[in-house]
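Below is one structure, written out as structure tokens; comments come after it.
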Amino acid sequence: MDANLIGLVIVPIGLTLCFGPALIVWLREELKASAAEKKKKNR
């Protein structure tokens, strides 16, 4: 295989495996904080 093709395929997969779980956890916490803020504002 061509090294350029390997880079185009493997690098995004590696980045997803590395940072994907952290981004999911961060997004979930942001949504919880946003919901709590809205709830607090409506009181």
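Quick note: residue numbers are just sequence positions, from 1.
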* Asked: Does any N or O in the side chain of Thr16 come within less than 3.5 Å of the main-chain N or O of Pro12, such that one atom is a donor and the other an acceptor?
  ->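 Side chain of Thr16 to backbone of Pro12: a pair is present.
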* To do: Spell out, yes or no, whether Leu8 and Leu15 are grouped together once hydrophobic residues are joined by side-chain heavy atoms under 4.5 Å, including indirect joins.
  => no
* If you link I, L, V, M, F, W and Y whenever their side-chain heavy atoms are under 4.5 Å apart, who else ends up in the same group as Ile24? -> none
* Rest of the hydrophobic cluster containing Leu27 (Ile/Leu/Val/Met/Phe/Trp/Tyr, side-chain heavy atoms under 4.5 Å)? ->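 Trp26, Leu31, all in the cluster of Leu27.
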* Under 6.0 Å from the CD atom of Glu37, do we count more than 12 heavy atoms belonging to anything else shown? -> no
* Sequence-distant partners of Ile13, side-chain contact (heavy atoms from CB on, under 4.5 Å), two or more places apart ->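 Result, side-chain contact (heavy atoms from CB on, under 4.5 Å) vs Ile13: Val9, Leu17.
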